[in-house]
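Structure, as structure tokens:
Numbers restart at 1 for each chain; the letters A, B, ... are given by sequence-line order, proteins then strands.
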Amino acid sequence: MITCMNNTQIADVINRVADLLEIKGTNPFRLRAYRNVVRTLRDLPESAEAILADPQRDLTDIKGIGKDLAEKIATIAATGTLPLLEELLQEIPESVLSILRIPGLGPKKAAVLYNDLKITTLDQLQAACEAHQVAELKGFGEKTEQTILAGIPLAARAEQRIYWAKADEIAQVLLEHLRNCKSLQQIEVAGSYRRGRETIGDLDLLVVSDDHDEVMDRLADFDAVEQTIGRGDTKMSIRLAGGLQVDLRVVPAESFGAALQYFTGSKDHNVILRGMAKSRGLKINEWGVFRVAEGKDGANGGDNEYIAGRTEEEVYAAIDLPYFPPEIREARQEFEWAELGMLPELIELGDIRGDLHMHTTASDGRASTLEMIAAARQRGLTYIAITDHSKRVSMANGLDGERLLEQWAEIDEINAGLKNFTVLKGVEVDILEKGGLDIADDVLARADWIVASVHYGQRQSSEQITGRIVEAIRNPHVSAIAHPTGRIINRRERYEVDLEAVMRAAVEHGKLLELNANPARLDLDDVHCAAAKRHAIPVVINTDAHSIAGLDVMRHGIQQARRAGLTKADVANTRSWKQMRKLIGR
DNA sequence: GCCGTTTTCGGCCCGACTGTTTTCAGTCG
């Protein structure tokens, strides 16, 4: 039997196995090996199936994949499942996993609930708590029962991750609120927010202050606080009205860098870092880097000698490492890069010179061409492409050939009056359901820049949609493929594409791939960026702006590109339009 | 279950906070 399992699907099977093993109480290191391989597969910029199919290559060459897990991956790729998973499901019903989503309830307690009370669902758990059966269990009590009851509605909600942009809004208001503290010396938001992940699970605030109570009281005073989850000497956790958790840590100035490093993560990056420190007789924790005293295990740093911690640079330097930008601290390749002295100089927002995907009032945008030009110049760009929808996208008032030619004539006039700025005649041409484009080639030939994208027929098979996109790539007038991954976060619509086939075609025909920075549709994420880099395909980072403010999302795209390790050279629109034109052969 | 310039065994990051304990396990990040 031949099934078609992508990396994410294979990873999901292994992750389910890990979840069930965790409740069973397996060796925690075995569990970590499973979790690591889940992450490795999700981050892998090429398909595991392709590696399996290649007799020259072996999955065990990938760090974290040994003989056993390589076999398991091969089994999942071939059959879609794993005998081990089926066995585990005989023992433990999968619904038990829903219990793990309750804050403060982990695998050990879930196992007790299942073994002693046969609880497998949130409803059964609620009934057991209300009947006070849970408080009677060993290791549980009144307080735990109440915590569980309060946590059941939270678990019932879907996983709470919010867009980075939304987290940013909340973070800015929170920072403003806390800056009023007299004792506040430094404040920073760490965690996945600082690493620039697309979505954020919680906010980690880090503060230097000599009056812990003032800062914690101030946080408790924040308008949107719904619940204080915990509060100790140095650490406090709250939940905001929308469900977002905020963790606050107060540290002394000499520990700020160590704490910032520590709470920025990622967890896996820190595991490697600490292991490296340990092998050098050092110890890193959130308080600093310490030389471990002779004959001591130094559990609380008692006699250990503090050697660094005021800044992150200091922490990394203490173990002979360069400073890692937060976006690449994901335990992917950053430590290998550092060892080889090949840490990439990541692209920055200021490197972007043009934005090649935006809409105006001619189709579904909210600003005119002139307004978009003014806004783009204000943001330091030297060229933009106007890429309104084409006629097939009638809902967006898409333009037919005639209206396009009129728009382009206007653009010619505008350009004649512009200095040091170029407006490109473009279109976001629709890739039709039956293949082909909805604007005639003789019209397309008169454009400067054409992005092609799929809007309709998204329910077709992956083969069909891939075929349509590859055909568009072969059209000599098309410059780039927009939305190449069919990826839309948090929405039901998305189309499946064989991205490897798309990339091979892009390489063959010298076409570019677009990364759309719009946070609702970051459709070429860091993993896909890394794949594009592996194929040496230039990425174009655009905003797909429908308004002036829409241009500001560019930095989201930059964050994703940075997370993939892209440099200025990997991104096409860091070039001038003149250089770009050479790249796309116009 | 993975890994190795301490390589086929014996390690595997580290601390804060909570609740149930009578010295610590569980959970979280």
Side-chain angles (χ1 to χ4, degrees), chain A residues 14 17-18 21-23 25-38 40 59-73 84 99-113 134-148 151 190-193 201-206 212 216 228-237 245-251 255 258-259 261-290 292 297-301 304 319 331 339:
Chain A
I14 299 176
V17 170
L21 285 174
E22 191 170 16
I23 290 189
T26 189
N27 171 2
F29 297 108
R30 180 188 181 199
L31 198 66
R32 195 163 88 190
Y34 279 65
R35 300 287 188 202
N36 278 341
V37 83
V38 167
T40 301
L59 280 176
T60 56
D61 293 338
I62 298 169
K63 206 170 160 67
I65 302 182
K67 189 165 167 289
D68 181 88
L69 279 166
E71 273 171 25
K72 285 192 166 68
I73 291 168
L84 175 60
I99 294 171
L100 287 179
R101 293 211 297 268
I102 296 171
L105 219 166
K108 294 280 177 2
K109 285 198 162 73
V112 173
L113 289 169
V134 172
E136 304 297 317
L137 293 170
K138 193 175 180 199
F140 290 70
E142 265 308 311
K143 199 90 185 201
T144 307
E145 195 170 80
Q146 291 309 312
T147 307
I148 292 173
S192 54
Y193 170 86
D202 61 14
L203 283 178
D204 299 294
L205 296 176
L206 201 61
H212 295 210
M216 290 187 184
T228 299
I229 300 166
R231 177 169 171 171
D233 290 338
T234 64
K235 184 181 167 184
M236 176 171 173
S237 292
Q245 184 172 328
V246 180
D247 298 322
L248 172 79
R249 295 289 294 242
V250 188
V251 298
S255 297
Q261 192 288 318
Y262 179 59
F263 289 106
T264 297
S266 66
K267 192 179 168 210
D268 300 295
H269 175 91
N270 287 351
V271 167
I272 295 174
L273 186 70
R274 289 174 181 219
M276 288 176 75
K278 195 169 182 172
S279 67
R280 288 157 193 252
L282 301 174
K283 187 178 68 166
I284 301 181
N285 58 29
E286 59 264 56
W287 305 106
V289 184
F290 300 88
V292 179
D297 66 355
N300 57 13
N304 294 332
I319 38 180
E339 198 182 336

Just the rounded figure in Å: distance from C1' of B:dT20 to NZ of A:Lys138. 11 Å
To the nearest 0.5 Å, atom CE of A:Met236 lies from atom CZ of A:Arg249 at 13.5 Å
Whole-Å distance, A:Phe140 CZ to B:dG19 C1', equals 12 Å
Using 0.5 Å steps for rounding, measure from the CG atom of A:Asn304 to the CG atom of A:Leu282. 10.0 Å
Nearest-angstrom distance from the residue atom CZ of A:Arg32 to P of B:dG11: 15 Å
Distance from A:Arg32 atom CZ to A:Asn27 atom CG, nearest 0.5 Å? 10.5 Å
Under 3.5 Å, which donor-acceptor pairs link side chains of residues 137-148 of chain A to any protein atom two or more places apart or in another chain?
| from | atom 1 | to | atom 2 | distance (Å) |
| --- | --- | --- | --- | --- |
| A:Glu145 | OE1 | A:His132 | ND1 | 2.7 |
| A:Glu145 | OE2 | A:Val134 | N | 3.2 |
| A:Glu145 | OE2 | A:Ala135 | N | 2.8 |
| A:Thr147 | OG1 | A:Lys143 | O | 2.8 |

Taking only the side-chain heavy atoms of A:Asn285 (C-beta and beyond), determine which of B:dC14, B:dC3, B:dC17 contains the nearest atom. B:dC14
Nearest-nucleotide check on DNA chain B, A:Met236 vs A:Lys67; residue mapping nearer the 5' end is A:Lys67
Any side-chain N or O of A:Trp287 below 4.0 angstrom from OP1/OP2 of B:dA16? yes
Could I get the full list of salt bridge (charged side-chain N to carboxylate O under 4.0 Å, His left out) partners for A:Lys67, not counting sequence neighbours? A:Glu71
Output yes when at least one side-chain N/O atom of A:Lys283 is less than 4.0 Å from OP1 or OP2 of B:dG15, else no. yes
Main chain of A:Met276, side chain of A:Ser279: is a donor-acceptor contact present, judged purely on distance under 3.5 Å? yes
Ignoring backbone atoms, establish whether A:Arg231 has a side-chain N or O less than 4.0 Å from OP1 or OP2 of B:dT18. no
Which part of the nucleic acid does A:Asn270 contact within heavy-atom distance under 4.0 Å: base, sugar-phosphate only, or nothing? nothing
Roughly how many Å apart are B:dC14 and B:dC9, using the P atom of each and rounding to a whole number? 26 Å
Taking only side-chain nitrogens and oxygens of A:Arg274, does any of them come within less than 4.0 Å of OP1 or OP2 of B:dC13? no
Atom P, compared across B:dC2 and B:dT6: separation rounded to whole Å: 23 Å
First locate atom CG of A:Leu273, then atom OH of A:Tyr262, and finally report the distance between them rounded to the nearest 0.5 Å. 11.5 Å
Which part of the nucleic acid does A:Thr234 contact within heavy-atom distance under 4.0 Å: base, sugar-phosphate only, or nothing? sugar-phosphate
Set of ring pair (Phe, Tyr, Trp, His ring centres under 6.0 Å) partners for A:Phe263, sequence neighbours left out: none
With C1' as the reference atom in both, quote the distance from B:dC17 to B:dC12 in angstrom, rounded to an integer. 25 Å
Distance in angstrom units between A:Tyr34 OH and B:dC2 C1', rounded: 11 Å
Could you tell me whether A:Glu286 and A:Lys235 make a salt bridge, using a distance below 4.0 angstrom between a side-chain N and a carboxylate O? no
Taking the P atom in each of B:dT21 and B:dA16, what is the distance between them to the nearest angstrom? 24 Å
Closest-nucleotide 5' rank along DNA chain B - winner of A:Thr147 and A:Lys63: A:Lys63
Given B:dC14, B:dC12, B:dG19, the nucleotide with the shortest approach to the side chain of A:Phe29: B:dC12
Backbone N/O of A:His269 and side chain of A:Ser266: donor-acceptor pair under 3.5 Å: yes
Per-nucleotide protein contact string for nucleotides 22-29 of chain B, where B marks a base within reach and S marks sugar-phosphate only (heavy atoms under 4.0 Å, - for neither): ----SSSB
Whole-Å distance separating the CZ atom of A:Arg35 from the P atom of B:dC13: 16 Å
Can you tell me, in whole Å, how much space there is between the P of B:dG26 and that of B:dT20? 14 Å
Euclidean distance, atom CG of residue A:Leu59 to atom C1' of B:dG1 [Å, nearest integer]: 15 Å
B:dC3 P sits how many Å from A:Ile272 CD1, rounded? 12 Å
B:dT20 phosphate, OP1 or OP2, under 4.0 Å from A:Thr144 side-chain N/O: yes
Any residue meeting salt bridge (charged side-chain N to carboxylate O under 4.0 Å, His left out) with A:Arg274, in chain and number order, not counting sequence neighbours: none
Sub-3.5 Å pairs of nitrogen or oxygen atoms, protein against nucleotides 7-9 of chain B:
none

In whole angstroms, how far is the C1' atom of B:dG1 from the CD1 atom of A:Ile65? 12 Å
Applying the Watson-Crick and G-U wobble criteria at under 3.5 Å, what pairs with B:dG10? Answer none if nothing qualifies. B:dC3
When you compare B:dT5 with B:dG1, how far apart are their C1' atoms, in angstrom units rounded to a whole number? 24 Å
